[in-house]
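All ligand and atom numbering here is 1-based and tracks the order in the structure. The figures here come from the full heavy-atom set of this structure, side chains too, leaving out hydrogens, waters and symmetry mates.
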Amino acid sequence: MWAMIGTWRMALEGIELASKILEQGGNVGDSIESAIKYIENFPYYKSVGYGGLPNENMQVELDAAYMDGSTFDFGACGAVRNIKNPISLAKALSKFDTNNFLVGPGAENYASKIGLEMVNMLTDRAKIHYKNRLYEENQTNEKKDLKPYIGHDTVGICALDSNLNIAAGTSTSGLFMKKQGRLGDSPVLGSGLYADSSIGAASATGLGEDLMKGCISYQIVMNMKNGMSPQEACQHAVMSLEEILRKKRDKCGDLSVVAIDKDGNFGVATNIEGFSFVYQSSNHPAKVYVTYQEDGKTRYKQASDKWLEDYMEKRMAPLIKLYE
Ligand code: SD4
């Protein structure tokens with residue numbers, strides 16, 4: 001049995017590609033790296049890798065992480081520029097006992113030293129988004145809030161291979177217009193991802209500042225350890241974090257999570273409408289699902305052909321320059 005789950009529709013092609021590795025008995029880490037690299041390289045996903053939206057200084061700063069649930073190897077990089085595949089740096093760093101989490105120029109120097117490809121990650125499309133945003137803010141004389149899910153955010157992938165190894169990986173450009181140097185949950189162990197091969201794995205997307213307050217991925221894996229199914233574990237983690245944040249702060253950002261257990265069963269939960277995800281396993285073809293809320297719980301259904309068409313059309317539509 002092997003299985004893979006990823007956040008958002010954008011995980012589809014990467015998962016299909018990586019599933020070939022798992023199908024041939026390959027290693028979970030290679031499958032996660034290859035899925036995420038595909039997504040990082042696709043220029044029309046504006047929240048991961050090449051084409052990701054920039055920070056407030058028009059610099060693309062990326063975060064990524066990798067955790068191996070069999071060895072507890074963990075590696076991450078944060079606020080890195082010009083590294084084509086941040087997931088490959090995260091995975092390379094996971095092999096060491098120290099220096100596992102590098103940020104900024106130190107991370108970039110190390111990536112180039114080990115021969116990772118360096119490229120300018122700011123695309124013309126991302127520049128247009130940035131300039132449009134400044135134009136809109138100038139028009140209204142008001143700064144817009146920093147929000148996740150502008151362009152469908154972080155990719156988080158959890159996978160199980162046929163040797164019963166579980167791992168998780170994340171990659172993101174974080175929040176559009178964030179401050180230079182800002183880190184979200186995605187590269188933070190226990191928040192953006194967590195994996196333990198004897199239990200399962202989880203990964204998150206949403207408002208990093210709030211997801212971190214619940215160490216949500218660790219919480220989900222612990223929920224599974226305590227006997228919950230992946231679905232119950234995800235639902236419980238999202239609902240309790242939302243409840244506690246509303247109680248303490250009177251507000252709660254977007255929280256969406258996916259998980260698998262050691263038998264390849266999956267779970268998903270969110271506090272928004274329309275979160276999408278992709279699941280594939282040795283006995284389940286790759287499918288995109290879209291969530292909705294019913295009786296206070298997250299449910300999901302397979303994405304319709306129309307939904308799938310609209311999704312790609314929106315991502316690839318020509319952009320109008322408001323500022324010209
Ligand atoms: C962050 N959690 O940097 C990421 C962004 C994200 O949907 O997933 N947004 O806070």
**Study point:** Polar atom proximity, Asp63 to ligand 1 (N or O, under 3.5 Å)
**Key:** no
Report yes if the side chains of Met118 and Glu108 come closer than 4.5 Å at any heavy-atom pair, otherwise no. yes
Quick look: Met212 vs ligand 1, heavy-atom contacts under 4.0 Å, and the answer is neither
Please examine the side chains of Lys262 and Met224, heavy atoms only from C-beta on, and report whether any two atoms are closer than 4.5 Å.
no
Taking only non-hydrogen atoms of Arg182 and a 4.0 Å limit, the atoms of ligand 1 in range are 1 (C), 3 (O), 10 (O)
Give a yes or no answer on whether the side chain of Asn271 reaches the backbone of Leu255 with a donor-acceptor pair at less than 3.5 Å. yes
Notebook entry, point to check: Taking N or O atoms only and a 3.5 Å limit, does Thr205 qualify as a polar contact for ligand 1?
Noted result: yes
| Looking only at distance, does Gly206 have an N or O less than 3.5 Å from an N or O of ligand 1? | yes
Fill in: salt_bridge(Asp30, Lys91) N-O dist < 4.0 Å
yes
> Is Asp185 close to ligand 1, meaning an N/O of one under 3.5 Å from an N/O of the other?
Replying inline: yes
State, with a plain yes or no, whether a side-chain heavy atom of Tyr66 is found less than 4.5 Å away from one of Glu33.
no
Under 4.0 Å from one or more heavy atoms of Ser186, ligand 1 contributes atoms 2 (N), 4 (C)
Margin query: For Asn41 and Asn85, which I'm curious about, is there any donor-acceptor pair between the side chains at under 3.5 Å?
Written below: yes
Next on the checklist: Does any N or O of ligand 1 fall below 3.5 Å from an N or O anywhere on Gly184, backbone included?
Outcome noted: no
